[in-house]
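The structure under discussion appears below in the form of C-alpha cells.
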Amino acid sequence: MKGGYTVKRKITIGILAHVDAGKTTLSEALLYASGRIRTLGRVDHKNTYLDTNVIERERGITIFSKQARFSTENCDFILLDTPGHVDFSAETERTLSLLDYAVLVISASDGVQNHTRTLWQLLEHYAVPTFIFVNKCDIGIKLKEEFEEELASTLSSLCVGFLEAQKREELEEKLAFIHEDLMDSFIAGEGTSDEDIAYLISQRKLFPCLFGSALRMEGIEYLLDVLDRYTMSPVYSNDTFGAVVYKIARVGSTRLTYMKITGGMLSARDEICYLSEDGVRITEKVSQIRLYSGDKFEQTDTASAGEICAVIGLSASYVGQGLGLEQDVGKPLLEPVLSYAVHLPAECDARLLFPKLKELEEEEPSLHLMWNEELSQIEVRLMGEVQTELIKRLISDRFGVDCTLGAGKILYKEKAAGKAIGVGHFEPLRHYAEVQLLIEPQPKGTGLIFDTDLPDNQLDLNWQRLIMTHLYEKDHRGTLTGALLTDTKITLVAGKAHLKHTEGGDFREATYRAVRHGLMKSGCTLLEPYYKFRLEVPTAMVGRAMSDLQARDANFEIEGSDTENTVICGSAPVSALHDYPREVISYTHGNGRLFCTSDGYEPCHDADAVISAVGYDAESDVDNPPHSVFCAHGAGFTVHWSEVDSYKHLEVDLKESGEGVRIIPKASTLARKYKISDEELEAIILRTYGPVRERRYSEPKRVSFESKDKPRRSKPISSKRRMVIVDGYNLIYADDALKSTAEYSLEKAREELMNLLSNYVSYTKTELILVFDAYLVEEGRGTEFMHDGYKVVFTKAGQTADTYIEKIMYELGPDYSIRMVTSDKLLQFSAVYSGISRVTAKEFLEELTRIGNEITEFVRKLSECKN
Ligand SMILES: Nc1nc2c(ncn2[C@@H]2O[C@H](COP(=O)(O)OP(=O)(O)OP(=O)(O)O)[C@@H](O)[C@H]2O)c(=O)[nH]1
Ligand SMILES: [Mg+2]
C-alpha cells in the first residue's frame, strides 16, 4: 500500500529454455492472453512481437534478449524473452541477475535437456525463484504425472505439479508431503494460504510445474493466474538511487544503456556519476528514459525502483555495471571457449577497424576482442559456429566489411596439480615485502578462490587486505602454457613487512611472485573445455555416428533407439566436436541434430601435444616471474625460484589437519648468488610505482580537480544530507570487545556492531552505510540489504571496502556531507572533496559510546515521565 491506495506489484520475469522449446511463442501467448497485443504472431510466420531483428526472423531463433510488458489484476509484469541457443547463452545469463522470477520452459516432446540442466544450475546460482512450464503438450506423448516424476528426479524434489483441474486439497496434500511444517496444518485441516505458497516459491523451496501449449493457447490463462497469485514484490530502498546495467545496444547512432532500477528513482535530466571500466570518473546527464515493449517504446520522465528502462546519455556505461548504491555484477559463469582470427579483405586496415569493432564488444562483452600484435590480426572469442555467422553478418551490416573467420582455436586453462607453498620476496634496496601462499587444486568448476589464514597480529590487517587485492586484481596464469588459472585455491599463510621500507607496491611484487613460485612447485594440469552432447540420427546411420564419436574422443552411450531414430548422449572435448554439427547435418541429409551444452573444463586429452605446440617457458616469462629478490650488503639480487625456499625469512609449518598453519621466524641465510640487473630493477620499479596504473583495484589514487571538474556545490553544506560510511571490519578490530568476539565468531561480531549502529542511526537520524569486505566471508558475490533503516553492504569478491567506499563517495557526490569511518588510506579524499571528513575508528567508537549513554539517559527520563 502506498498513500492509501493499492499499487500493483511490479515484477520482472524471465522466460528461459533450451533452443526451440517455445519461449518466444509462450511470451507471445502471455501478451495476447493478458490483452497487451490484439493479434497473435507466430515465429514460423516471422511476425512475433519479440523476435523483431532481421536475422532472428530469417533464422527463426531468438538471438537478443528482449522485453515486453503486460498486466494482470494485481501485477505489472516486465517479461524478458531470452535466446535458447547455447551460442547465445551469455546473453541469457546476463538477464539472470535482474529477474525476480523465471519461467523455465521445457518442451514436452524433448523433455529435460542438457541445456535445461545448465539453465537450472544458473538459476540456482543467481537464486531466481522459478516456475516450470511444460510446453508443446499438444505433441508430447508423456502423461503429466510421468512428467512430474521426471522433473522431481532430474531437477529438484521440490517440483510440484500445479494442475489446472486439480482441487485445492490435492495441491495442499502434495505440498504437505514436501514441507513438514505444512503437514501439521494439513492434518489439522487448516489449509495452506496463498501467502504461504508464494513465500515458499520466493525462497526457492517450491517450484510449481504447469502444463500447456503456447501455440494452441492452452494453459496460458492459468499460467497468468498462477503468476498473479503466487508472486511477491521485491523490497527496494526508496531513498537512494541504485541500478544494474545489463545490456548496451544501439539504434542507429543512439547508444542505449538498459538497466534495472533497484533503488530510489531516476529522472530524465538527472546526472549520473560513475566510474568507467578503466576507472575514469564520469558525470553524464540522462537525456531520455525509454520503457520498451517489443521494439516500441514510451518515453518517461521518471523510472522508479523495479523498473527496467533504456537510458540515453551515458557514453561509457558497461554491461554488469552497478550504478549508485549497486555494485558491479560478478563474472559470468558461461564463457566462450573458442577464439577465432578475423580475416579481412585486403583493402581493409585491421588497425582502423579494430576500434570500431570494440563497439560490438560493448554490446556483447563475452566477445573479448583482442589485437594480436605478432600476427597483426584481430581475434574474437565466441561460443560456437552459429555465433560466427552472426558476427560476420553484424560486421558486414554495421561497418560494410565482409570478413571471414579462421578455424576456432580452443581457449585452454590450467589448474594447480598439487599442494605447495609459494614464497614471494621483494627486497631491492629500501624496499621490503615477503608473502607466502598456500596453493591447492580444487574440484572442477570451482574457479579461483582466495582466502587468508593468518592472524592479524602476524601481519597488519591493512597489508593483508592489500595482498588480497593484489590476488584478486591479476589474471593468474599457469606454468605449462601461460593459460588462465582456474580451479585453484590460494590462501595467504604468512607475510612480513618492514616498519620503514615497505610500500604498497612491494606487496604487489611479492604476491605475484609467490603465486608463480607456488605454481612452479605444485606443477599445473592443462584443462580444456568439454561439451555434453545429445546426438539424434536416423538409426540407419548410427554406425557412422558411433565411429565418428570414437574418433573424436567422446564418452557416450545410446539413450534410446527405434527403427527410425537413435539418440546418443555423452561428453567430448570441444576441440573435437565444435565443427561436428555441420557434418551431422550433411551426412544425415538434414535428418540428424547435434545439441551441445557447456560441460566445463576437464584435463586435456592431448596435453603433451598442446603444451609442446605452445612452447611456453614459465621461467623466462618476464611479466610473471617466479623468482624473488633478496638483499645483501645494500644491494638487491635475484634468487632463482628453485632456491627461494632456502632464502625466505618466514617458515610456515603446515598442520596435518590442514586447518591452519604455524609460522616460525627464520634466521635469514644470505648468500650472494644472482645479482639483480639494473634493467630488471628498473622494470620492477616502473611496474610497481607507475607511471601508468591500469589496475582496477589499485589503492585509491590522489585525485586533483581542475576548477571545471570540481564537484558542483549547488547547496550550502548545512543543507546537505548527512551520511556516515563505516568500514565494518576496521571498526571491529579497533574495539577490544568486538575484536575478542571476532576471534571466535566473525558473524557474531558483525551482529554486535550492527546492533550498536541500529541505535545510533535511529537516535541521530543519520543515513549510514556499513561496508564489509567480501573476502572475509565465504561467498564473494556481494550482497546489500537494509537493516534497521541503514544499508549493510558485503562487497563482492575482488572489491575491498576501500574501493567500494571510494566508488560510493564519487557517486553520492556533492549533495551529501559524508563522514567516513575507515582506514588511513582514504584520508587523501578529505583533502580533495569538500563535504567529506574522516573519523578514526577510535573517535567513532567514542561517539557511539556517548550516543549510547545519551539513549540510556533519554530512556530513563522517558520512563520517569511516564511514572
Ligand atoms: N506443437 C507446438 N509447437 C510449438 C509450441 N510452442 C512453440 N512451438 C513451435 O516451436 C518452434 C520454436 O518456437 P519458438 O517460440 O521460436 O521457440 P524459442 O524457445 O523461442 O526458440 P529460441 O528463441 O530460438 O531458443 C516454432 O516452430 C513454434 O511454432 C506448442 O505449444 N506446440
Ligand atoms: Mg525465442
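Just so it is clear, the values below take in all heavy atoms, side chains as well, and ignore hydrogens, waters and symmetry mates. Atoms within each ligand, like the ligands themselves, are counted from 1 in listed order. Keep in mind it's a predicted model, so treat the numbers as computed, not measured.
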Practice task
Could you tell me which non-hydrogen atom of T82 sits nearest to which non-hydrogen atom of K23, and how far apart they are?
Solution key: O-CE, 3.1 Å
Exercise for the section: Answer yes or no on whether R38 is positioned over the face of Y32, meaning its NZ or CZ is under 6.0 Å from the six-membered ring centre and within 45° of the axis. Expected result: no
Handout entry: Under 4.0 Å from ligand 1, counting heavy atoms only: the protein residues, by chain and number
Key = V19, D20, A21, G22, K23, T24, T25, R42, V43, D44, I61, T62, G84, N135, K136, D138, I139, S213, A214, L215
[X] side chain to [Y] side chain, donor-acceptor N/O pair below 3.5 angstrom:
X: E364; Y: S366; answer: yes
X: T24; Y: Y49; answer: no
X: E91; Y: S65; answer: yes
X: N114; Y: Y531; answer: no

Fill in the blank from the handout: Within a distance under 2.8 Å of the Mg ion (ligand 2), the protein atoms of type N, O or S are T24 OG1, T62 OG1
Handout entry: Salt-bridge contact E93-K331 (side-chain N to carboxylate O under 4.0 Å)
Key = no
Name the atoms and distances for all side-chain donor-acceptor pairs under 3.5 Å in residues 70-78, with sequence neighbours left out.
| residue | atom | partner | partner atom | Å |
| --- | --- | --- | --- | --- |
| S71 | OG | D76 | OD1 | 2.7 |
| T72 | OG1 | C75 | N | 3.4 |
| T72 | OG1 | D228 | OD1 | 2.6 |
| N74 | ND2 | D228 | OD2 | 2.9 |

Exercise for the section: Can you sort out the partners of Y530 under ring pair (Phe, Tyr, Trp, His ring centres under 6.0 Å), two or more places apart, ordered by chain and number? Expected result: none
